[in-house]
Amino acid sequence: MESLTTEITRPAEGKKRKHRFWYTMLQQRYLYLMSVPFVIWLIIFSYVPIWGWLVAFQNYKPGKSIFDQKWIGLKSFIELFSDERFYHVLRNTLAMSVMGLIVGFTVPIIFALLLNELRGRWFKRSIQTISYLPHFVSWVVVAGLITKMLSVDGGAVNQLLMSLHLIDKPIQFMAKGEWFWGIVTISDMWKETGWSSIIYIAAMAGIDPEQYEAATVDGAGRFRRMWHITLPGIRPTFMVLFILSIGNLISIGFEKQFLLGNPLVSDYSEVIDLYALNYGIGLSRYSYGTAIGIFNSVISIILVFTANGIYKRVTKETII
Amino acid sequence: MQGLVQKNISDRIFDTCLYVVMTIVLIVTLYPFLNVLAISLNDSMDTVKGGLTIWPRQFTLKNYETIFKFEGLVIGFRNSVIRTVLGAIIGVLTASMVAYTLSRREFQARRLFSVLFALTLYFSGGLIPGYLLIRNLGLIGTFWVYIIPSILGVFNVFVIRSYIDGLPNALQESAKIDGANDFTIFWRIILPLCQPVLATIALFVAVGHWNSWFDTYLYNAQKPQNTTLQYELIKVLQSTQSATDYRFNSNNQQSMAAVSPDSIKMAITMVVTTPILLVYPFLQKYFVKGITLGAVKS
């Protein structure tokens, strides 16, 4: 605290400075009253759980304080890395996050490009408005809609495929594990494409129109203008978002997998966070669950710094 | 001359393809909602025959009448509304109050508090330590678990602060000369001026509360009186065989039998979705602004 006041007072005035510090504090009592309760809240809800990481190195038994627990060192981690199921869920996590990453970047960019080319203003705005809508609907509802659309009796997808004579009998999409990764990726695409495209549309709006005019005069067609002007124009935005999402490769959450999955497809649907949830809370193995969480965080940090390092080497710029 | 005509033709083909693609996007986005709406408004015996698209064949409100007899759903609806309204009001007031203190340049603890808040944007304790904390605080099985852990959004604090930073300073100064204290300045001057950004944030916080289900699943699964609408929907959707698997605590067995599980699922889905559709026009108006504000901050 003291160091904060040094900028406004001279170091020579030791005693006076101290006096003045308390005086200012009294003066600013309303500011303190308005912020300190929330700082305490923040410490309890955001900083105390960091202490909770210690649980991973203990044989945590509920009911005792964290200081009275038995220390077991790295046992939870050794157990984790020798569990075959762990590698299985790691595979599922990476598969779905890489698929999500590819689709989650290409499709919104293509959508934004197309929207940018649309001339009718009214049509453009309607498309935009409607495309954001699924973002605000909960995953619970989206999972329900997807299940309904893919259902065997009367699901729109099966009906469409049948009427096109692409299949003879309905496909059991939700019951076959090999469909699961694709279903999660497509659900995500359906829900988030419009929303993710906003930021690219904003970046495209910031491109100088003179560039397009000059290119047109030089005889560049629509595709060449998109390729040489629009895409380079959104490159900085893309890079920032991409590197940030590399950091999240492993922590993709579990909401979609939890809500879309069922026991039939669990070999494909169980991701790291669900695994932590099932073991950590479901089976009350708190230390084990926390170890999984720590693994997650460490990998995320490594990934984001690696991505940033590569980007720095290539472009001499940095994101973080 | 010929070149120009050719370009016009290829341009026109491109435009046509564009409109076709966009129309498909439109249909793919809207069809599921319309389909569910149609089923929820259709007679459930008729729905079983299949073939419903976006228009009910035999219009009825019976499905809705039936689901509102389910006690769990009514309680869930009430709880969801309460947590949404309460959460949004608290979220906006707390975030703007903290944002205001952090925007005051002469505030002693400004830098320390800013750093404390900002750091939490980059890390979190994770699932299990968070759960253990909630348990040690005795919040499990209470309604307050929906409110207290999310009293304020740190990201919102920074969004509001950057908005306050953009306000003219003269009003604050003149109020101070008139002898107003810092809280009065916040309440009488800053809050009214921040209305646009607060509206955005209130809507986002409200949507977040309305849509959240995991806290109910984790902390209140054993407490039927603290259930929320999203959680009730999960229970209904996951009872695959029939809706009777889901214990509705309904006294009215007869009406249960007359309504098929599919119709019930779809009617509940609509009840959960409709509030979002109702606030959507307002969200629409504000959220692009919200995103830009966020971008300015980072």
Side-chain angles (χ1 to χ4, degrees), chain A residues 1 4-5 24-25 28 30-32 34-35 38-39 41-42 45-46 48-50 52-53 55 62 114 117-119 123 127 129-134 136-138 140-141 143-145 147-149 153-154 156 190 198-199 202 221-222 255 259 273 276-277 280-281 286 289-290 293-294 296-297, chain B residues 7 11 14-15 18 21-22 25-26 28-32 35-36 50 94 97-98 100-101 104 107-109 111-113 116-117 120 123-133 149 151-152 181-183 186 207 211 213-214 218 230 233-234 237 265 269 272-273 276 280 283-284 288 291-292:
Chain A
M1 284 279 198
L4 288 169
T5 53
T24 320
M25 200 168 175
Q28 299 181 340
Y30 283 101
L31 291 177
Y32 277 105
M34 288 161 76
S35 56
F38 302 106
V39 172
W41 171 87
L42 185 80
F45 283 94
S46 293
V48 171
I50 304 292
W53 277 24
V55 166
L114 294 180
E117 292 296 316
L118 220 52
R119 291 201 183 126
F123 189 62
I127 295 272
T129 305
I130 287 163
S131 72
Y132 306 149
L133 179 62
F136 294 100
V137 175
S138 73
V140 180
V141 169
L145 295 180
T147 313
K148 178 74 202 150
M149 291 301 117
D153 44 11
W190 182 79
I198 294 182
I199 193 139
R222 245 167 146 174
E255 217 179 349
L259 295 167
D273 286 330
L277 187 71
I281 294 170
Y286 300 113
T290 310
I294 294 179
N296 244 350
S297 306
Chain B
K7 207 158 125 204
D11 233 28
F14 182 83
D15 272 335
L18 204 58
V21 170
M22 287 303 176
V25 169
L26 209 65
V28 169
T29 310
L30 288 180
Y31 183 80
N35 186 228
V36 167
T94 54
M97 201 143 87
V98 173
Y100 171 65
T101 64
R104 288 283 300 267
F107 182 37
Q108 284 174 321
R111 221 194 297 168
L112 177 72
F113 288 178
L116 278 178
F117 277 102
T120 62
F123 65 82
S124 80
L127 192 63
I128 312 288
Y131 173 80
L132 292 176
L133 175 75
I151 266 183
L152 104 171
N181 70 42
D182 290 321
F183 185 77
F186 164 73
V207 170
N211 283 345
W213 57 274
F214 186 63
L218 200 55
Q230 303 281 347
L233 178 60
I234 294 180
L237 289 175
K265 286 182 187 177
T269 306
V272 175
T273 317
I276 297 283
Y280 187 63
L283 271 171
Q284 232 292 99
V288 178
I291 277 203
T292 345

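Listed by chain and number, the residues in a salt bridge (Lys or Arg N to Asp or Glu O under 4.0 Å) with B:Asp182 are B:Arg104 (sequence neighbours excluded). The side-chain contact (heavy atoms from CB on, under 4.5 Å) search around A:Thr129 returns A:Arg125, B:Tyr280, B:Gln284, not counting sequence neighbours.
From B:Tyr100, atom OH reaches atom CE of A:Met34 across 6.5 Å, with rounding to the nearest 0.5 Å. The CG atom of B:Leu18 sits 9.0 Å away from atom CZ of A:Arg119, with the distance rounded to the nearest 0.5 Å. Note that OG1 of A:Thr24 is 5.0 Å distant from CD of B:Gln108, once rounded to the nearest 0.5 Å. Of the inter-residue distances, the one linking B:Ile276 atom CD1 with A:Ser138 atom OG reads 7.5 Å to the nearest 0.5 angstrom.
Interface residue B:Leu152: backbone and side-chain heavy atoms are both found under 4.5 Å from chain A. Residue contact with chain A, scored on non-hydrogen atoms closer than 4.5 Å, involves the backbone and the side chain of B:Leu116 alike. Both the backbone and the side chain of B:Phe107 come within less than 4.5 Å of a heavy atom in chain A. Looking at B:Val21, only its side chain comes within 4.5 Å of chain A, counting heavy atoms on both sides. Only the side chain of B:Leu133 comes within contact range of chain A, with heavy atoms under 4.5 Å apart. Using a 4.5 Å cut-off between heavy atoms, B:Phe186 contacts chain A through its side chain alone, with no backbone atom that close. Proximity to chain A involves both the backbone and the side chain of B:Phe183, based on heavy atoms less than 4.5 angstrom apart.
With a 4.5 Å cut-off on side-chain heavy atoms, A:Met149 and B:Asn35 count as touching. Residues B:Pro129 and A:Ile50 fail the side-chain proximity criterion, which asks for heavy atoms closer than 4.5 Å. Counting heavy atoms from C-beta on, the side chains of B:Thr101 and A:Tyr32 never come closer than 4.5 Å. Put simply, the side chain of A:Thr147 does not reach to within 4.5 Å of the side chain of B:Leu237, judged on heavy atoms. No side-chain heavy atom of A:Val140 sits less than 4.5 Å from a side-chain heavy atom of B:Val272. Two residues are said to be in side-chain contact when any heavy atoms from C-beta on lie closer than 4.5 Å; A:Val55 and B:Ile128 fail this criterion. A:Ile130 is not listed as a side-chain neighbour of B:Val25, based on a closest heavy-atom distance of 4.5 Å or more. Residues B:Val98 and A:Trp41 have side chains not in contact (no heavy-atom distance under 4.5 Å, counting atoms from C-beta outward).
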- Message: Quick one, A:Leu277 with B:Phe214, criterion side-chain contact (heavy atoms from CB on, under 4.5 Å). Give me CA distance, side-chain angles, the key distance, then yes/no.
- Response: CA-CA 11 Å; A:Leu277 187 71; B:Phe214 186 63; 3.7 Å; yes
- Query: Checking side-chain contact (heavy atoms from CB on, under 4.5 Å) for the pair A:Phe45/B:Ile151: CA distance, chi angles, key distance, verdict?
  - Reply: CA-CA 10 Å; A:Phe45 283 94; B:Ile151 266 183; over 6 Å; no
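Highest contact tally toward chain B, considering only A:Gly289, A:Gly52, A:Pro49, A:Pro134, is held by A:Pro49 [criterion: heavy-atom pairs under 4.5 Å].
Judged by distance alone, with hydrogens and angles left aside, the side-chain atoms of B:Trp213 form no donor-acceptor pair with the main-chain N or O of A:Glu255 at under 3.5 Å.
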